[in-house]
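Quantities reported herein were computed from a predicted structural model and do not represent experimental measurements. In this chain, residues are counted from 1 in sequence order.
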Amino acid sequence: MAGRFAPRPTLPHSLKGVGGAPMAVRGGHVGVAGGVPRQAAGPGRVRDWVPDGPLDLGLVLGPLRRGPGDPTFRAMPDGSVWRACRTPAGPGTLRVCAYGGGVRGQAWGPGAEWLLDRLPQLLGAADDPSAFVPRHRLVAVARHRRPGLRLTRSGLVLESLIPSILEQKVTTDEAYRAWRLLVRKFGEPAPGPAPGRMYVMPEPRTWALIPSWEWHRAGVDNKRASTILRAVRVAGRLEEAAGMEPGAARARLEVVPGVGPWTSAETVQRSHGAPDEVTVGDLHLPGIVGWALAGDRDADDSVMLELLQPYAGQRHRAARLILLSGRVPGRRAPKMPRWDIGGL
């Protein structure tokens, strides 16, 4: 699910986000340095926005990053976060940085205006953290320690759907590698003064024209590649789901053969900022939730959903806070083996 890994130790007090929220995170949460960042070269388009509460850029935007080498996402030492996106208006690059009590967004490319128009939603303006009521001490402590957690809403469906399909039934390292190789080879350089080797993901037609041997070289089996090809053939209809309620959006995504509840939940968590769309069918999440809330490391999906029932309407947020707590069961078996079909 979005935000599946335990955080790194909290950074010193000097590294704080908007409203004093700590900004040291990893996995589904990226570490973002504090301080006033330097301005990027080039004019671009600019928008300033002031959130109505604490905001942690690393926690909010981290789930959009697909691994440390994601060519569409970069967290810089100067405190800025860069995204390269394919918007309905075309490719665009967005740079977001926190300063004082506000946030500044700069954007370049044909999609710049689209990205800036939706900057508040991207940073969780449509999310309501006050609607969440902790029912367990562990969850309450995690919430207290991470006041800047808000659920992002990217408004882009394929951007989250395709990498989620790549993550089906494989290790995250394999999926991240496939995403990185395919975007760099078939995407286009990010507009504006983006950091080196940042790319916008391919447009739907380009995905559809990727030769079978390139999928193979990237380590993507035929089942996942075929699912992506079916999805991009109806890309327009799937992107319309961004304007739907999360449940209706998931139903539309699952019409595509190969897209099931796990994939649709992973997608709408990012595209819609859906607070209640908890991931089922995950290899690790039920055991983590079961261990954190009931000491049951062997919990399955049904047990996990029963434990999260007190958080109905906010189950995804509860699961993220559990992951942020760092309370996970110790490993009892070797890691899932990694298979590189590209070497066959």
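Applying the salt bridge (Lys or Arg N to Asp or Glu O under 4.0 Å) test to D276 and every residue at least two apart in sequence or in another chain returns R315.
Judged by distance alone, the side chain of T267 and the main-chain N or O of T263 form a donor-acceptor pair under 3.5 Å. Q269 contributes a side-chain N or O that, together with a main-chain N or O of E277, makes up a donor-acceptor pair within less than 3.5 Å. In this structure, the side chain of E239 engages the main chain of L158 through a donor-acceptor pair within 3.5 Å. In this structure, W207 contributes its side chain and P202 its backbone to a donor-acceptor pair below 3.5 Å.
Separation of the H316 and F132 ring centroids does not fall under the 6.0 Å cut-off.
A 6.0 Å sphere centred on CD of E240 holds more than 12 heavy atoms belonging to other residues, nucleotides or ligands. Other residues, nucleotides and ligands contribute over 12 non-hydrogen atoms within 6.0 Å of the CD atom of E254.
The shortest heavy-atom contact between L123 and V103 is CD1-CG1, 3.5 Å. Residue C85 comes nearest to L156 through the heavy atom pair CB-CD1, 4.0 Å, listed as atom of the first residue, atom of the second, then distance. The nearest pair of heavy atoms linking R47 to L119 is O-CD2, 4.1 Å.
A cation-pi contact links R104 to Y99, judged by a cut-off of 6.0 Å to the six-membered ring centre and 45° from its axis.
Of the inter-residue distances, the one linking R217 atom CZ with L181 atom CG reads 11.0 Å to the nearest 0.5 angstrom.
Screening residues 186-203 for side-chain hydrogen bond (donor to acceptor under 3.5 Å, both in side chains), with sequence neighbours left out, gives R86-E188.
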Criterion side-chain contact (heavy atoms from CB on, under 4.5 Å) on E167 and R66, from CA distance to verdict: CA-CA 10 Å; E167 291 177 9; R66 304 294 181 150; 2.8 Å; yes
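Ion pairing between a basic and an acidic side chain is recognised when a charged N comes within 4.0 Å of a carboxylate O; R317 and D127 show such pairing.
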